[in-house]
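Note on naming: letters A, B, ... go to the chains in the order of the sequence lines (proteins, then strands), and numbering restarts at 1 for each one.
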Amino acid sequence: MNNQACEQVQAQIGEYLLGGLPDAEREAIESHVALCPRCACELADTRRALDALDQAGLAAAPTGVADAVVAGVADRLRQGLRPRSRFGWPLAVAAAAACLAVGALGIWLGTRPTGRDAGGQVANERLVFEAQAVVAHARSVLRQLDDVKREYDAIGRMVNGGPGPMKRGDRTEGPKVIGNLKGVGS
Amino acid sequence: MSRHRPVAIGALLAAAAVLAAEALPPRGMPENLRGMAPEAREALGEIRKIAEQQRALAQQAPRAKSAEEREAIFRAISENLRKIAGLRVRILEHQLARAKARLEWAKPHAAQLRLAQVVLAMKQAGGPPRGPVAPGPNGGPVAEARRKVEEAISRLEALQQRAAKAASDEERRTLRHEIEKELHAVEQQHVAGFEAIVSALEERLAWARRQAANQGPK
Amino acid sequence: MAESEGREPGHEAKLVRDAQAGRSAAFAELLRRYAPRVSALVYQLTSDADAARDLSQTVFLKAYRGIRSLRSGASLRAWLFQIAANEAKSFLRRRQREREHLPPDAQPLAEAAAADRGPLDRLVADEERAAVRAALDELPPRQRSVLVLRHFHGLSTAEAAEALKCSANAVKANLCYALKSLRAKLAGGENRE
């Protein structure tokens, strides 16, 4: 394979794998890689590196951090942004942070419930529980969608097709026209 | 004010101690629909073996001692590429079939899901899930469905706040109705996500078939 | 598809305008929506859960103070990520300087102590994960930021350039170098040639 073409392809491997290339350039790279073992190796190795990155538990901050952030910010805003020493909740309180985030936000926004009729409170608590149950279900649906997507991506990478010839839904653009076959691969 | 917080933390820590690692048991997708189709997995293994061969052939090529030898090596490489293209089609066909089967499971499941079931499931799990919603893998065919589920979660959190201060039975009825609407919306996106994967796999299969055709005799 | 995508950015723009007009409920909503992403970004840039928590709070407080400076039509995400990336950079510089003052044999301990202390500890016992995190830690800040923004957060080249206030070509080049480094470091452990 021609070295200059290889250099060009290798410079674009990142963009290709992360979906930054238009269809024509994607197909050009795929055609080159189908015939060039060296570039095919580079592509496979880079994919493996990205997979390893995905498996390293870095997709999100650890449990409870985001809620602690919300609670902390709401707290500071309520106190009028007065400077404070380093915010010190230990991360062991992570499990509780979710409720406290909601509570802190509620206090800041002045929507904290005042104690009222007991019977009504019980009914309200049940409603809150129901809403939480739907949230819990929604989260399991998200997990399922994530699992299915990860499987789809893994297959895509393993069959040497990259993230896919079409990238519908990845960016806020209109529907794409399917690219023309330009006699590639010969 | 903030002096009340230590007490609240204590109670919540006690509750946290009984939470399961995952808030809900797996949502019941049948075992035979999970993971990759066995035929696809097999074909993947074959591709890996061929890829190893290709690597070896690529190293042999510059060391070929004659034009015929080099020609033979290139022919072997071409033949492997043809095989890989065919295997790719097979893998995608099987995964597409599986994705369609999952969609067929999800549709009636979504239509029959009721608020009471979801509430029962959470009771069995010991309480609400903890921690923030992770951002999840980016983009892809399920991105829109995923985003809509996250929006539903936002709206549900707002509903929780309203529910906490509901002041009349009529208001409570309205809120319950809204909560049920969100459950319905979530399940719609559940199905939509599976549909999007089927479409994406269909496109990818079409692409793979085109590639395989291009690998044909020149 | 088009209608929902049209609604989403529109809805956020309205929240931003309301927040700029001083409505705390709107800002609270933005805070809730972006806290996971911002804290994820800081964590990915620092490998430090406490830093993720503290610096993210600073990001949002700065955002609260400065939200009126956001021009209409500008990307909130790019702006928040820009603030976050700057906070992470300052933090890393401070940490590096603090480490340099330690006696040489204490430095590895300090690094281990600073690394994630959360529930992921148990999972990080896995060698491969540790190797990936180490490889990420060794990347120069700009390369790391580009890799993280483009891969974990799915920003396009243009969006990443906006968030990092650099050129699109710089983003592409940094991505290329980052992936090459990552590949080299990870392949070192599993060389089967």
Using 4.0 Å as the upper bound for N to carboxylate O, is an ion pair formed by A:R47 and A:D51? no
So what's closer than 4.5 Å to chain A heavy atoms on B:L156: side chain, backbone, both or neither? both
Counterpart residues, side chain to side chain donor-acceptor pair (under 3.5 Å), relative to B:E187 (two or more places apart): A:H137, B:H190
Taking every non-hydrogen pair under 4.5 Å, which of B:S168, B:A40, B:A163 racks up the most with chain A? B:A163
Given the options B:R176, B:Q54, B:E178, which has more heavy-atom pairs under 4.5 Å with chain A than any of the others? B:R176
Mind checking what makes side chain to side chain donor-acceptor pair (under 3.5 Å) contact with A:Q12, not counting sequence neighbours? A:E25
Does the distance from a Lys or Arg side-chain N to an Asp or Glu carboxylate O, for B:R75 and B:E79, drop under 4.0 Å? no
What residue, out of B:L175, B:D169, B:L81, B:L120, has the most heavy-atom pairs lying under 4.5 Å from chain A? B:L81
Can we say B:R102 and A:E151 salt-bridge, meaning some charged N sits less than 4.0 Å from an Asp/Glu carboxylate O? yes
With a 4.5 Å cut-off on heavy-atom pairs, point out which of B:I77, B:L159, B:I197 contacts chain A the most. B:I197
